[in-house]
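Just so it is clear: chains get the letters A, B, ... in the order the sequence lines come, proteins before strands, and each one is counted from 1. Just so you know, these numbers come straight off a predicted model, no measurement behind them.
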There are 2 protein chains.
Amino acid sequence: MPSPHPKNLGDLSPSLEHYIRAIYDLQAEKGYARVTDISEILGVAKPAVSSALKNLRAIGLVDHRVYESVRLTDEGMKRAKSVSGKYAILLEFLIEVLGVDKEQAFADACLMEHYVSGTSSDRLVDLLRFFEDRKNQGVLEDFHAFRRNCESESNCPDCSFHCDVSLQQIGKAPDRGR
Amino acid sequence: MPSPHPKNLGDLSPSLEHYIRAIYDLQAEKGYARVTDISEILGVAKPAVSSALKNLRAIGLVDHRVYESVRLTDEGMKRAKSVSGKYAILLEFLIEVLGVDKEQAFADACLMEHYVSGTSSDRLVDLLRFFEDRKNQGVLEDFHAFRRNCESESNCPDCSFHCDVSLQQIGKAPDRGR
DNA sequence: AAACAGTATTAATCTAGGTTAACATTGTTT
DNA sequence: AAACAATGTTAACCTAGATTAATACTGTTT
């Protein structure tokens, strides 16, 4: 008997996906990525990075000779852009459309980026573009006004379960299509 | 040095969260939840369920005497409703608003339910209500029309990375607010 | 060039959450 | 009530991904 959850992306675990994105960000920012930097960004110890790099190298997503700095391969780049794109899309949606505060939006996007499918994030882009379209200028403002009303009236206690974002590791998730 | 990801909900792992929801669904559907049923729904072996139940009992989310069937405690119920609510909200958003096909939407919602914060899903509800409001009847149709145009024109290759949903276990995710 | 600081890797260990195989309990048939 | 099937638990094991401690490189200072 196999295991549960639909995997997110072409067989990259959320964990590895995150490493990829960190490397991508560092490369973009400073031109190169070192173990220490990655470890700091992700908040993990350096040996965790070393071991992740070994895996990523094994599946051809990074170039990395021991004791040297890391670079994404073309394939790694592709994956990184995908995740990074999802992050950006989710972030924009959460902040600009839903009006979620930034801290929370960062946290949510950072988690969800690994789980939203390409299809869904593409559609989300469409929605963002729709709101930006000159023909639909008023819509977003309407929504925000609507939301403020909404807020002040009722509140469904069942659906709001507030999540304090602490920096901690997440576990595995058993599951399947549902 | 601690670990990375902002935890999703009040210290429940996605895995345990999933068990909670399965139990909740079963209780709603048949009045009770048995190990076998849970194991089938989640696609895991029965010992995995036993061990999850032990944890859930330890933190007071289920009542479960050995060899008997499982019930959520009040607290368990609260958590279950929260997750279940998020699932429903995400599903509706993906299908009705974004127009994602059902299979994909099920899969996405099933994953994201564990990672979206209460805040964000509340806002998502607002958005759904906004689209339902009589005053905004046309908007959703406009979007769908817009999307069809959009579709037929360009396509950003960077952001669309198609994910085939296979039934497999997901890994841990290192991370932090970032 | 020797020493030191910084950086990276290895080794050993831990934990969560799975698995299978074997055993225990319960309930239904005959 | 004996036997059997279904159900649940225990035990032993596996893996991913973390940790710390110790070790190995690298490069800069003196």
Side-chain angles (χ1 to χ4, degrees), chain A residues 1-5 7-8 11-20 22-23 26 30 32-59 62-71 114 167-176, chain B residues 1-5 7-8 11-20 22-23 26 30 32-59 62-71 114 167-176:
Chain A
M1 210 157 284
S3 215
H5 247 136
K7 256 190 179 171
N8 46 321
D11 284 338
L12 255 198
S13 70
S15 176
L16 292 183
E17 215 168 89
H18 231 112
Y19 282 101
I20 285 284
I23 295 164
L26 283 165
K30 343 181 15 181
Y32 58 89
R34 296 177 321 157
V35 168
T36 302
D37 303 330
I38 300 171
S39 113
E40 264 166 22
I41 285 193
L42 297 183
V44 301
K46 285 181 279 192
V49 179
S50 278
S51 115
L53 288 178
K54 205 182 302 173
N55 297 331
L56 290 173
R57 192 177 41 218
I59 56 180
V62 303
D63 272 337
H64 174 235
R65 273 170 317 253
V66 180
Y67 289 109
E68 295 186 7
S69 71
V70 189
R71 280 189 50 84
H114 309 293
L167 297 180
Q168 268 297 9
Q169 153 183 16
I170 66 167
K172 300 187 181 177
D175 186 7
R176 67 198 292 213
Chain B
M1 210 158 283
S3 213
H5 245 134
K7 256 191 179 169
N8 47 321
D11 285 338
L12 254 199
S13 69
S15 175
L16 292 184
E17 213 169 270
H18 231 110
Y19 282 101
I20 285 285
I23 295 164
L26 283 165
K30 342 180 15 178
Y32 59 89
R34 294 179 322 156
V35 169
T36 303
D37 302 329
I38 300 170
S39 113
E40 265 166 21
I41 286 193
L42 296 183
V44 301
K46 285 180 280 190
V49 178
S50 278
S51 113
L53 288 178
K54 205 182 302 174
N55 296 331
L56 290 172
R57 190 177 42 216
I59 54 181
V62 304
D63 272 337
H64 175 235
R65 273 169 316 250
V66 181
Y67 289 109
E68 295 186 8
S69 70
V70 188
R71 282 188 50 83
H114 309 293
L167 296 180
Q168 268 298 7
Q169 157 180 12
I170 67 167
K172 299 187 181 178
D175 187 6
R176 68 197 291 213

Q: Round to a whole Å and report the spacing from OH of A:Y19 to P of D:dG17.
A: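 Spelled out: OH on A:Y19 to P on D:dG17 is 9 Å.
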
Q: What's the shortest heavy-atom distance between B:Y19 and B:V44, and which atoms?
A: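 Nearest pair, atom of B:Y19 first, then B:V44: OH-CG2, 3.6 Å.
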
Q: Expressed in angstrom and rounded to an integer, what is the separation of B:N55 atom CG from C:dA16 atom P?
A: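 Answer to the nearest Å: 8 Å.
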
Q: Rounded to whole angstroms, how far apart are CG on A:L16 and P on D:dT15?
A: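 Distance check: A:L16 CG to D:dT15 P gives 16 Å.
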
Q: As an exercise, state the distance from CG of A:L53 to CD1 of A:I38, rounded to the nearest 0.5 Å.
A: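 One finds 5.0 Å between CG of A:L53 and CD1 of A:I38.
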
Q: Once you round to the nearest 0.5 Å, how far does CG of B:L16 lie from CD1 of B:I59?
A: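 Going from CG on B:L16 over to CD1 on B:I59, the span is 6.0 Å.
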
Q: I need the CG-P distance between A:L42 and D:dG17, as an integer number of Å.
A: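 My rounded result for the distance is 13 Å.
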
Q: Taking all non-hydrogen atoms of both residues into account, name the closest pair between B:S69 and B:R34 and its distance.
A: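 Here B:S69 and B:R34 meet closest at CB-CG, 4.2 Å.
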
Q: Quick check on the helix from C:dA1-D:dT30 to C:dT30-D:dA1: what's the angle between its two end axes, five base pairs per end, to the nearest 10°?
A: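 Roughly 10°, once rounded to the nearest ten degrees.
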
Q: Only counting residues at least two apart or in another chain, list the ones meeting side chain to side chain contact (heavy atoms under 4.5 Å, CB included) with A:S51.
A: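 So A:S51 forms no side chain to side chain contact (heavy atoms under 4.5 Å, CB included) with any residue.
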
Q: I'd like to check the side chain to side chain contact (heavy atoms under 4.5 Å, CB included) partners of B:S50; sequence neighbours left out, ordered by chain and number.
A: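 With sequence neighbours excluded, B:S50 shows a side chain to side chain contact (heavy atoms under 4.5 Å, CB included) to no residue whatsoever.
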
Q: Quick one: list whatever passes side chain to side chain contact (heavy atoms under 4.5 Å, CB included) with B:K30, sequence neighbours left out.
A: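 Checked B:K30 against side chain to side chain contact (heavy atoms under 4.5 Å, CB included); matches are B:L26, B:Y32, B:D37.
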
Q: Starting from P on C:dA16, measure out to CG on B:L12 and report it in whole angstrom.
A: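 Between P of C:dA16 and CG of B:L12: 14 Å.
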
Q: If every non-hydrogen atom of B:K46 is compared with every non-hydrogen atom of B:T36, which pair is closest and at what distance?
A: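 Nearest pair, atom of B:K46 first, then B:T36: CD-OG1, 3.7 Å.
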
Q: Specify the separation, in whole Å, of atom OH of A:Y32 and atom P of D:dT26.
A: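 Distance, rounded to whole Å: 17 Å.
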
Q: Polar pairs (N or O, both sides) under 3.5 Å between protein and nucleotides 9-12 of chain C?
A:
residue, atom, partner, partner atom, Å
C:dT9, OP1, A:H64, NE2, 3.3
C:dT9, OP1, A:Y67, N, 3.4
C:dT9, OP2, A:S50, OG, 2.7

Q: Tell me: CD1 of B:I20 to P of C:dG17, nearest whole Å?
A: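 Going from CD1 in B:I20 over to P in C:dG17 covers 13 Å.
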
Q: If I take atom CG in residue B:L56 and atom C1' in nucleotide D:dG8, what distance separates them, rounded to the nearest angstrom?
A: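 The answer, rounded to whole Å, is 16 Å.
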
Q: Rounded to the nearest 0.5 Å, how far does CD of A:E40 lie from CG of A:L42?
A: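 If we round to the nearest 0.5 Å, A:L42:CG and A:E40:CD are 10.5 Å apart.
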
Q: Check whether any side-chain N or O of A:S15 sits under 4.0 Å from OP1 or OP2 of D:dA16, and answer yes or no.
A: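 A:S15 to D:dA16 OP1/OP2: no side-chain N or O under 4.0 Å.
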
